[in-house]
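When a residue number appears, it is its place in the shown sequence, counting from 1.
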Amino acid sequence: MRFRRHWVVGLGLALVLVFACISWLQVRQFLHFSASVSGSRIQELRRAATLANEFERFERALERSVYLPNAASREALQLRYDIFVNQFMVFANGRNQPEATDHPLYRRTLETVNAFIASFDHYLGANPDREVTPGALQEMLTLSETTMREPIHDYMLYANQRTTLLIDEQRNEVSDHLIFTLGLTIFQSLLTVAFAMGVVQLMRQREQSRHALVRAEARLVEHLRNQERRLEQSVAERTAELEAANRSLELLSATDGLTGIANRRHFDKLLLQEWNRQARLRQPLALAMLDVDWFKQYNDRYGHQAGDDCLRLVAGIVGGYVRRAGDVAARYGGEEFAFIAPGLDAAEMLHLAETIRAVVEHRGIPHSLSPVGHVTLSIGVAVLVPDARTSPELLLRQADEALYRAKSQGRNQVVTAAAAEYLV
Ligand SMILES: Nc1nc2c(ncn2[C@@H]2O[C@H](COP(=O)(O)OP(=O)(O)OP(=O)(O)O)[C@@H](O)[C@H]2O)c(=O)[nH]1
C-alpha cells in the first residue's frame, strides 16, 4: 500500500511539472504572438500615416515653391520630395502582404507616383542646375493635385481597410489562441485539482487509519486494564475469602468446640505469650485452675448431654470475667478450666477466683449427687513474677497443686499456691 502511494505521489508531481512546462510554453507563445500581431498592426498604420504625411508636406513645399520661388523653398522642395520618394519606396517594398502589392490600386499608385517622380526628376532631380520657372512649378503642382492625390488617397483608404481587416483577422486568431490556451489551462488546473484532491483523500484515509489504529490500541489497553482490574478484584476477593477462611480456621483451631472459649492448645500459646510480656514488664502473672466438683456424678446423674450443657454454662460464667487486655479464659481439659490474669497480684487473683466460684455456686445448677446439692467449683490460684527462677510450667504446677488441695480440703473453695517464696 505504501509502495503504491509513493508511485501515485511521484506520478502526480510529474504531471504537475509537465503541466507547468506546457503552461509556461503556451503563455510564452501567446505573448510572442500578441507582440507580433500588435507590432505588424502598428507597422501598417505607421507606414500608411507616414506616407500620407510626407505627401502632404511635399505638396505644401510645392505650393511654397510656386508662391515663393527662391533657392530656400526649392531646397526645401527637393528635400521633401526625396523624403516622400524614400517613404514611398519603403511603403511600396516594405509590405509583406503579397495581396497588397498585387492589388490594382497599389500598382496604379505605384505607376502614378513613379510617373510623377519621373516628371519631377525631369524638373528637379535629373537637371538640378536648370532654372525651374514658376510656370513649371505651377504645372507640377497641378500635376500633383490631379494625378497624385487621388491614387494616394485611394490607396491609403485601401491600405487602411486592409489593415483593419488584417487586425480583425489577427484579433480573431488571438482570441482563438487565447480560448485554446485558456481551455487547456483550465483542463490542466482541473487535472491538478483532481490530483491534489486524490492526494488529500489518500492522506485523509491514512490519517483515519492511523486514528482507527490508535483508537483500537486504546480500546485494547482499556480492555486489558479492565481484565487486569477484574483479575485483581477477583484475586482480592479470593484473598479476602481465604483470609476469612484462615481466620475462621484459626479461630476454630484456637477455640474449644463445646464451650466456645479458648482450647488447651491456644491456652498454652497465650500463657507463654503473656509470660514473656510480663517478664519484659517485670509484672506478675496470675493463673487460676478451676475444676467442676463431682462432675462424674453429674454425668452419671443427669447424662452426658446435660454434662455438656453444664460445662457450657460454667465456661460462659468463667469467660465473662475476661475484661482486661491479656485476660484469657480456656477449657484446660474435661471439666477443668484455666484463667490467666496478667498484672494481678495474689490477693487480687484470689478475689477474682472467689468471685467466680461464688457466682457458679449461686447460679444453683442442680446437682443432687453433690453434698451441697448444686454445681460448685474448686479453684487453685498461683501468681508469679516471671524471672530466671520461674517458668510457665512452675506456675501451672503451683496452680494445679493448689487446686488439688482445694479438692482435698472439701471442694467448693479457692486455695492459693503453697510455694511461698515465689508468690507475689
Ligand atoms: N459430659 C461431659 N463429661 C465430661 C467431659 N469431659 C470429661 N467429662 C467427665 O468428667 C468426669 C471427671 O471425673 P473425675 O476426674 O473423676 O472428677 P470428678 O468426678 O469431678 O471428681 P472431683 O474432680 O474429684 O470432684 C469424667 O466422668 C468424664 O467423663 C465432657 O466433655 N462432657
Side-chain angles (χ1 to χ4, degrees), residues 239-240 242-291 314-334 336-360 377-406 413-424:
T239 306
L242 280 172
E243 280 173 0
N246 278 343
R247 275 199 299 278
S248 112
L249 272 176
E250 206 173 307
L251 199 66
L252 279 175
S253 69
T255 308
D256 174 56
L258 177 71
T259 59
I261 59 175
N263 60 19
R264 168 72 180 271
R265 199 168 62 87
H266 195 46
F267 167 81
D268 288 341
K269 189 176 139 192
L270 293 177
L271 176 63
L272 189 61
Q273 191 176 300
E274 291 306 317
W275 179 270
N276 289 332
R277 189 145 66 107
Q278 294 308 96
R280 285 195 299 276
L281 297 171
R282 299 181 189 283
Q283 292 289 315
L285 183 66
L287 172 68
M289 298 300 291
L290 311 91
D291 191 279
V314 172
I317 293 168
V318 175
Y321 285 90
V322 173
R323 286 168 187 176
R324 297 189 307 177
D327 285 357
V328 177
R331 186 179 178 203
Y332 195 68
E336 196 173 356
F337 298 91
F339 195 100
I340 301 170
L344 293 194
D345 60 19
E348 289 166 336
M349 191 62 201
L350 188 61
H351 178 71
L352 175 63
E354 182 55 40
T355 305
I356 295 171
R357 186 206 63 76
V359 169
V360 171
L377 293 178
S378 294
I379 303 174
V381 168
V383 181
L384 285 178
V385 175
D387 59 23
R389 298 167 302 165
T390 59
S391 67
E393 291 75 27
L394 179 62
L395 184 65
L396 272 171
R397 201 164 56 245
Q398 287 185 352
D400 221 28
E401 284 171 7
L403 173 61
Y404 180 77
R405 278 195 281 129
Q413 59 189 275
V414 180
V415 172
T416 55
E421 65 268 32
Y422 299 127
L423 285 176
V424 175

query = Which residues satisfy the side-chain contact (heavy atoms from CB on, under 4.5 Å) test with Ile261, sequence neighbours excluded?
reply = Thr259, Ala315, Arg331, Phe337
query = Do Trp275 and Ile340 have side chains that get closer than 4.5 Å, going by heavy atoms?
reply = no
inquiry  = Measuring only between side-chain heavy atoms, which start at C-beta, is Pro342 closer than 4.5 Å to Asp327?
reply    = yes
inquiry  = I'd like to check the side-chain contact (heavy atoms from CB on, under 4.5 Å) partners of Glu336; sequence neighbours left out, ordered by chain and number.
reply    = Met289, Asp291, Tyr332, Asp400, Leu403
query = In Å, rounded to the nearest 0.5 Å, how long is the span from OG1 of Thr416 to CD1 of Ile379?
reply = 12.0 Å
request  = Identify, with sequence neighbours excluded, every residue that meets ring-ring contact (aromatic ring centres under 6.0 Å, His included) alongside Tyr321.
outcome  = none
ask   = Can you tell me how far the CZ atom of Arg323 sits from the CG atom of Leu352, to the nearest 0.5 Å?
value = 8.0 Å
message = Going by side-chain contact (heavy atoms from CB on, under 4.5 Å), name the residues that satisfy it together with Leu270, two or more places apart in sequence or in a different chain.
response = His266, Gln273, Val328
remark   = Separation between CD (Gln278) and CG (Asp387), nearest 0.5 Å, reads 13.0 Å
request  = Report the residues that fulfil side chain to side chain donor-acceptor pair (under 3.5 Å) with Glu348, sequence neighbours left out, ordered by chain and then residue number.
outcome  = none
inquiry  = Using the salt bridge (Lys or Arg N to Asp or Glu O under 4.0 Å) criterion, which residues pair with Glu250? Sequence neighbours excluded.
reply    = none
note = CG of Leu344 to CD of Gln283, rounded to nearest 0.5 Å, is 10.5 Å
Non-neighbouring partners of Phe339 that pass ring-ring contact (aromatic ring centres under 6.0 Å, His included), sequence neighbours left out = none
Reference residue Ile356; test side-chain contact (heavy atoms from CB on, under 4.5 Å); the match among Val414, Val318, Val314 = Val318
inquiry  = What verdict does the side-chain contact (heavy atoms from CB on, under 4.5 Å) test give for Leu396 and Phe267, after you've listed the backbone C-alpha separation in whole Å, the side-chain angles of each residue and the deciding distance to 0.1 Å?
reply    = CA-CA 12 Å; Leu396 272 171; Phe267 167 81; 4.1 Å; yes
key: Listed partners of Gln413 passing side-chain contact (heavy atoms from CB on, under 4.5 Å), at least two apart   = Ala406, Gln409, Val415
note = To the nearest 0.5 Å, atom CG of Leu394 lies from atom CZ of Arg389 at 10.5 Å
ask   = For Ala338 and Leu287, which heavy atoms make the closest approach, and how far apart are they?
value = CB-CD1, 4.4 Å
query = Tell me, which pairs form a salt bridge (Lys or Arg N to Asp or Glu O under 4.0 Å) where one or both residues lie in residues 281-290, sequence neighbours left out?
reply = none
task = Go through the structure and list residues passing salt bridge (Lys or Arg N to Asp or Glu O under 4.0 Å) with Arg277, not counting sequence neighbours.
result = Glu274
request  = Quick one: list whatever passes salt bridge (Lys or Arg N to Asp or Glu O under 4.0 Å) with Arg265, sequence neighbours left out.
outcome  = none
key: With Asn246 via side chain to side chain donor-acceptor pair (under 3.5 Å) - residues at least two apart   = none
key: Which atom of Pro386 lies closest to which atom of Leu285, heavy atoms considered   = CD-N, 4.5 Å
Where Val381 and Ala288 come nearest, the two heavy atoms and their spacing = CG2-CB, 4.1 Å
remark   = Between Gln398 and Ala417 the two heavy atoms that sit nearest each other are CB-CB, 3.7 Å
ask   = If only atom types and distance count, is the side chain of Asn263 paired as donor or acceptor with the main-chain N or O of Ser253 below 3.5 Å?
value = yes
query = What closest approach, in Å, do Leu384 and Ser391 show between heavy atoms, and which atom pair accounts for it?
reply = CD1-O, 4.2 Å
